[in-house]
Amino acid sequence: MSGSDALLIFNGIDGATGRYDISPLSAEEFVRRTLGTAPRRADDKEHIQELKRRHERDTRTHFAPKEGVNPKNLAEAGWGVIFAYGADPAIYEALSPLLQLRRSQAGERYREYTGKDAYRPATDDTPAESKQSFLSRHGAGPGPVDPQMVPYYLLIVGDPDTIPFRFQYQLDVQYAVGRIHFETPAEYAAYAASVVAAETGGLALARRAAVFGVANEGDAATQLSHDELAQPLAAWAATQPGWTLEGVFREQATKARLTEMLRDDAPAFLFTASHGMCYTSEDSRQSALQGALLCQDWPGPSWQQAVPEDFFFSGEDVGQDARVFGTIAMHFACFGAGTPRLSDYSMEGAPPAIAAHSFLGRLPQRLIAHSRGGALAVIGHVERAWGWSFHWDRAGSQTEVFKSTIKRLMEGHPVGSALEYFNGRYAELSSDLSTLLEDVKFGANVDPYLVAGMWTANNDARSYSVIGDPAVRLMLAGESRPVRRPVLEVHAMPAAQDVQPPAPAPAPVNPLATDYGVLDSVRGAAASLQEAAQKIGAWLAEAFQTATSVRVSTWTSDNLEAVQFENGAFTGAKLRAMTVASLDGNTLSCVPEENGTVDDALWKIHSDTLDKALANRVEMLKTAAAAIANLVPGVKSL
Amino acid sequence: MSEAVGAADADAHLATVLQACGEIEALAGMARRGPRAAEAVSYASGFFGDMSAVLRDLIGAVRRLVDDLKPTATIRTALNGECAITVVTYQSLAASAWGTNPSADLAESQLRSVQRVLALRSAMARAVVAAGSAMVALSGSIANPLALPHAIATARSLQEALRRLVTAAEAAA
């Protein structure tokens, strides 16, 4: 792209109007607006200094924590989790399996930032804590990451209103940062279970990648992203050793096709390039649909009306039958990862509010918290994505950043470490841009298109974020490791306070019909448990089959040493009294007589025995009922 | 050992059996209910390895318990030269043989023993049903990685409670 007379066309389609979220601008107008993004706050200036240091470091070394630390080894790089002060304890509990796993992997370099060590959100009196302030509290300063002080991998847990995107961007310059936030503890638990199962249960995905490139009719933005980003990435990925590539482009890149790809067996790595859906803060659909992927179904800018949901793929479209366990996805789309409350696209003056609250995209949330095994991470864009960032002349090698990142993922690098190329690019562009903007302020005459391009590239690189644990990686099959993508049965786990009364026993497991997922090793154990339980049921059925009547008999003998009990009767003794009491209440009694009169003493013994036997029958019938309800397959369905 | 002391011991054994039975029933309830969030804390990693052994031991313990349940129980009481015999079964049969003109003391003593044995057998049957119910619930839970740690912990507790039950039942017999 060259020439300052060209209009800039931005990624993002307004779902309510079907028009571009931001109208095309001339480069001059764009620069006039972007000048409002010059540093306004003290921590912005600190951040730019940090970016410059990062850029200087990157020009001397490669991206990584401090020298000698292997980012693929958590015991060296460390892993930490950052909660907001006052976070719901149920979230911590729900994530405990993941935290335990990471603790075992990172050892002494495992950290939990909770309680007084937690992130300090804004209050009525104090602003939200900055990155520098947070790191200083924990003994770390600017420069390369020293994992002994603060771990390289940092998982932020919380919504972006409480722990702002700005903190995440700033932290991400040096550290490998990811974020999760869900509405319910059950979703946190589901994500934790997926990561634990993926890393400890033998998940081994086929080395299969897919590139989904939309090019809507008459739409310069997606034509460009298709031609200059999706297609080149697909061509490059197809040459990666051991990998197969599925390219889904133009007419093929429909919502139906994307649905099918995720439902049948999602690729290990999925890259999409499209518009992201945008809604105004007044629109009730914003939190659910913002950032949804607009597919080829959209006829293009000629469509001047509300965009129906048939045209885009949203979190609501991630069905229960989706098979995305272990996938890592990367979406080039507006708001694909999240939406800040205030726009980063700052006009003059205060930045405008574009949402009532900052929030994460519903699509990545649904993908990673899927109950049948979620995607491990989604890389996406917070705020608007910029179509020129991979094309702009000065950053012409921007696709190299994508390629380098994807290559690291394909090689099994943790996703946070793989994304370092974007952070390095951000540092470089920010450093250059800040110098350029200072020149403009002091009256230098610069090419507005240059500023526009640099600014868009800067924002684009900064705003790529990991939704998920930054330490997750693709769990891939190798030559000696067969492909294995099981289906998990991760059930929503109630929070402690939501525990329901004991439910009826679960339906018996049919080992032939149930996919135990990564837990194949327990298939036999489950079957054995079932078999043993059924044997108990059979034994009880036999034991109680005649318990519907109580039979009490009383005998006497002059020589008790000689009596024998056989077939329900004593031999060598005389039957003196007998009672048979049926369940229906019918009772038959034979009363003992001695010389024509009732033997009261013996009758009392008999009656007392009968009372005890009747009381015992009540207990045994209760037990039998419990056995039938809990052990006999199929009874509950009658 | 005096009769009073023997009866006290028997009552204590029965109380132990009933306590173990109660524990097993509670564990069965926990197994059916599934984990609370907090209960997933303890076993996040490394639980796959020992799971099979735990479940195998549990199944073995339940099978032994079932094998130990005798179809009939015979209660004999000898007191002051008198004797009484009572046979009870799970089919609600109770047959007693007495000498001529049994004393009230013998009758009271024998009936107390019968009462104890019936309670013991009832508790054992309840424990077997509860253990079986827990096993059905566990067989579903172990398909769910999130519920697995809870299932393993429950299975371990169940196994221990069954061991105590069998020990107490042997002492009470």
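Reminder, nothing fancy here: chain letters follow the sequence lines and each chain counts from 1.
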Check: Between the side chains of Ser92(B) and Asn616(A), does any donor sit under 3.5 Å from an acceptor?
Finding: no
Rounded to the nearest 0.5 Å, what separation is found between the [atom1] atom of [X] and the [atom2] atom of [Y]?
| X | Y | atom1 | atom2 | value |
| --- | --- | --- | --- | --- |
| Thr89(B) | Phe565(A) | OG1 | CZ | 7.0 Å |
| Arg76(B) | Leu560(A) | CZ | CG | 8.5 Å |
| Asp608(A) | Gln110(B) | CG | CD | 12.0 Å |
| Thr86(B) | Trp555(A) | OG1 | CH2 | 13.0 Å |

Checklist line | Max heavy-atom pair count under 4.5 Å with chain A, selected residue of Ala94(B), Ser96(B), Ala107(B) | finding: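 Highest number of heavy-atom pairs under 4.5 Å: Ser96(B).
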Margin query: As an exercise: rank Thr100(B), Leu111(B), Asn101(B) by heavy-atom pairs under 4.5 Å with chain A and give me the winner.
Written below: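 Of the options given, most contacts go to Leu111(B).
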Notebook entry, point to check: Quick one: does Ile85(B)'s side chain get under 4.5 Å of Phe570(A)'s, heavy atoms only?
Noted result: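 Of all side-chain heavy-atom pairs linking Phe570(A) with Ile85(B), at least one is under 4.5 Å.
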Check: Does Ile605(A) reach the side chain of Trp98(B), with side-chain heavy atoms less than 4.5 Å apart?
Finding: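 SC-SC contact between Ile605(A) and Trp98(B) confirmed.
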Notebook entry, point to check: Which one of Thr609(A), Leu610(A), Val580(A) has the most heavy-atom pairs closer than 4.5 Å to chain B?
Noted result: Thr609(A)
Compile the donor-acceptor pairs under 3.5 Å between side chains in residues 120-127 of chain B and protein atoms, sequence neighbours left out, one pair per line.
from, atom 1, to, atom 2, distance (Å)
Arg121(B), NH1, Lys70(B), O, 3.0
Arg121(B), NH2, Lys70(B), O, 3.1
Arg121(B), NH2, Pro71(B), O, 2.9
Arg126(B), NE, Glu25(B), OE2, 3.0

Notebook entry, point to check: More than 12 foreign heavy atoms under 6.0 Å from CG of Asn559(A): is that the case here?
Noted result: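 Buried by this count: over 12 neighbours within 6.0 Å.
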Notebook entry, point to check: Relative to chain B, which segment of Val552(A) carries a heavy atom at a distance below 4.5 Å: side chain, backbone, both, or neither?
Noted result: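 For Val552(A), backbone and side chain are both near chain B.
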